[in-house]
J.: 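Got a structure for you, written out below as structure tokens; questions coming shortly.
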Amino acid sequence: MKLKRNLIAVTLLSFGLSSSAQQLTKQQNQDLLKAEQGSIVRLDNFLTEKYPQIVYQKYPTPGPQYIISDDPEYIRVPEAIALRENVVPGTVRFYLYNVNGVKEPQKMDRKIIAMIKNTGKAPMRIKMLKYVSQPPSTNYFKLGKEGLAAFLAAQPSEDIVLVKPGEAVPLDNKLENYVVKYDELVHGFYEFLVDQPAEITVLQTDLKTSGKEALKRITNVLPPKTKSGAGRGIYGVSNYHVNNTEVIDTKNGTSALIVADGATDPWIIGREGTTGQQAKLAGNYGVMYNIELKWKSTDGKGLALITWNSRSADNQWCSGMAAAMKVSEGKFKEGIIQLPKDQLVTKAAPEAVLIQIFKPKANGEEQTIKLTYSPPGASCLPTPLILVPIDVNP
């Protein structure tokens, strides 16, 4: 993905570190209370990577076979196969993330198509459970943020596609018609059900050649582990459950939940189909984290959930961050929110993005915050989730 080559793992921090220095000013408290959900709020001299980290446990939960096509991210040759993987009958999640990178002998328009072939002995039925297709663009942030939000909101299709044994069809017919110009990203999320073994291929070809014709013609399979891309292959982990091991208390100050950093939360491991080698997905892009955080208020304060672009100072490639997630009810209704909502990206501190404000129970009763999070494509990681005690009745 565009910026993932510059991921920097955070240093593990002791949960016992004091966060007393990181308290909101009265003005910052007011600014967060007045802010719309998903909007940017300036928090001068507040944002830091040194918040105490929330200790959590994480375990895989049942989910689909997971395939990602992002190595090579930039397909540099006019015609080639960028991914080829086999799946067994069942549910499959597929994340398509490839760019027309052809410069030699000249820049040229291309098609990037994902094909699915029935490798079984009986007709194969394909049912889309979640489906997001976007026109190619050089605005990687926009595709990443809007694509993730749309995937979280997607509903199953009623249509069934039938494929005869040995035949292949485009996984997404729209890809046949998209013209992919130089440096444009083809971005798509697909989760579907198949009842026969199948082969999934991502290929790049010219505008006049159909996916079926190209699949028969192309023999050149690009090698994995190139200089660009998070990884490619098939992975057995597609969903995680995350919960904190100790109840968060607002009296203890600000704390941070860090997932998808490659350190506290290692990258998932799988297999690359064309070589049989081990595959590693640097970024865990497309993996769904179902997060539950227990909290209480013994000092009468609520919690503001915010995020920010913590990588901006580390690297020139990390100048922006855009994300999307589903968050449980608080001051704002439960739902999916793009981050930021009112502009394309958040750039750097002191910019924070407000996700939700949670109000305390009158008796300090324990509550649960629920989030559905996936590492946002095109952004550097991690994207920390910060829980800030806030006076909801100033």
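All values below were derived from every heavy atom in this structure, side-chain atoms included, with hydrogens, water molecules and symmetry-related copies excluded.
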J.: When you check the gap from the basic side-chain N to the acidic O, do Glu366 and Lys296 get nearer than 4.0 Å?
T.: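 Judged by the 4.0 Å cut-off on N to carboxylate O distance, Glu366 and Lys296 do not form a salt bridge.
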J.: For the pair Glu85 and Arg271, evaluate salt bridge (Lys or Arg N to Asp or Glu O under 4.0 Å) and give the outcome as yes or no after the intermediate values.
T.: CA-CA 9 Å; Glu85 294 292 342; Arg271 187 205 70 238; 3.5 Å; yes
J.: Consider only side-chain N and O atoms of Glu351 and Thr346, and report whether a donor and an acceptor are under 3.5 Å apart.
T.: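 Side-chain D/A pair, Glu351 to Thr346: present.
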J.: Shared ILVMFWY cluster between Leu175 and Ile68, side chains joined below 4.5 angstrom?
T.: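 No, Leu175 does not connect to Ile68 through the hydrophobic network.
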J.: Using 4.0 Å as the upper bound for N to carboxylate O, is an ion pair formed by Glu272 and Lys225?
T.: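 Between Glu272 and Lys225 there is no salt bridge, as every charged N stays at least 4.0 Å from the carboxylate O atoms.
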J.: Regarding Asp265 and Tyr240, is there a side-chain donor-to-acceptor distance under 3.5 Å anywhere?
T.: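 Their side chains do not contain a donor-acceptor pair, so the 3.5 Å distance test is not met.
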J.: Decide whether Tyr190 and Asp172 meet the rule of one side-chain donor and one side-chain acceptor closer than 3.5 Å.
T.: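 There is such a pair (donor and acceptor under 3.5 Å, judged by atom type) between the side chains of Tyr190 and Asp172.
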J.: Taking the basic N atoms (NZ, or NE/NH1/NH2) and the acidic carboxylate oxygens, is any pair closer than 4.0 Å for Glu176 and Lys212?
T.: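 Between Lys212 and Glu176 there is no salt bridge, as every charged N stays at least 4.0 Å from the carboxylate O atoms.
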J.: Taking all non-hydrogen atoms of both residues, which atom of Trp308 and which atom of Ala349 are closest, and how far apart?
T.: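 In this case the closest contact between Trp308 and Ala349 is CZ3-CB, 3.8 Å.
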J.: Stepwise, does the side-chain contact (heavy atoms from CB on, under 4.5 Å) test hold for Ile268 with Tyr66?
T.: CA-CA 11 Å; Ile268 61 172; Tyr66 178 44; 4.2 Å; yes
J.: Verify the cluster assignment for Phe151 and Ile126: are they in a single hydrophobic cluster under the rule of side-chain heavy atoms below 4.5 Å apart?
T.: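 Looking at the clustering, Ile126 is in a separate group from Phe151.
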J.: If every non-hydrogen atom of Val345 is compared with every non-hydrogen atom of Ile40, which pair is closest and at what distance?
T.: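 Nearest heavy atoms, Val345 then Ile40: O-CD1, 3.9 Å.
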J.: Grab the two heavy atoms, one from Pro376 and one from Leu148, that are nearest each other, plus how far apart they are.
T.: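 In this case the closest contact between Pro376 and Leu148 is CA-CD2, 4.5 Å.
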J.: Are a donor atom and an acceptor atom from the side chains of His187 and Tyr95 found within less than 3.5 Å of each other?
T.: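 Yes, side-chain donor-acceptor contact under 3.5 Å.
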J.: Without swapping roles, check the side chain of Ser69 against the backbone of Leu96 for a donor-acceptor pair under 3.5 Å.
T.: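 No, because the side chain of Ser69 does not come within donor-acceptor range (under 3.5 Å) of the backbone of Leu96.
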J.: Under 3.5 Å, is there a donor-acceptor pair linking the side chains of Glu334 and Ser328?
T.: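 The answer is no; no qualifying pair exists.
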J.: According to a hydrophobic-cluster definition based on side-chain heavy atoms being under 4.5 Å apart (Ile, Leu, Val, Met, Phe, Trp, Tyr only), do Leu185 and Phe94 belong together?
T.: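 In one cluster: no.
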J.: Are a donor atom and an acceptor atom from the side chains of Thr250 and Asp299 found within less than 3.5 Å of each other?
T.: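 Thr250 vs Asp299: donor-acceptor pair found between side chains.
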J.: Under a single-linkage definition using a 4.5 Å side-chain heavy-atom cutoff for Ile, Leu, Val, Met, Phe, Trp and Tyr, are Leu339 and Met321 assigned to the same hydrophobic cluster?
T.: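 Unlinked, Leu339 and Met321 end up in two clusters.
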J.: Using modelled atom types and a 3.5 Å cut-off, is there a donor and acceptor pairing between side-chain atoms of Asn244 and backbone atoms of Lys294?
T.: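 Answer holds: yes.
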J.: Does any N or O in the side chain of Asn284 come within less than 3.5 Å of the main-chain N or O of Ala260, such that one atom is a donor and the other an acceptor?
T.: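 No: the side chain of Asn284 does not pair with the backbone of Ala260.
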J.: Please answer: with hydrophobic residues joined when any side-chain heavy atoms are less than 4.5 Å apart, are Ile54 and Leu381 in the same cluster?
T.: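 Same cluster: Ile54 reaches Leu381 through Ile, Leu, Val, Met, Phe, Trp or Tyr contacts under 4.5 Å.
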J.: What's the spacing between Ile306 CD1 and Ile355 CD1 if we round to 0.5 Å?
T.: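 It comes to 8.0 Å.
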J.: With a 3.5 Å cut-off and no angle check, do the side chains of Arg232 and Asn98 form a donor-acceptor pair?
T.: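 Checked: Arg232/Asn98 side chains show no N/O donor-acceptor pair below 3.5 Å.
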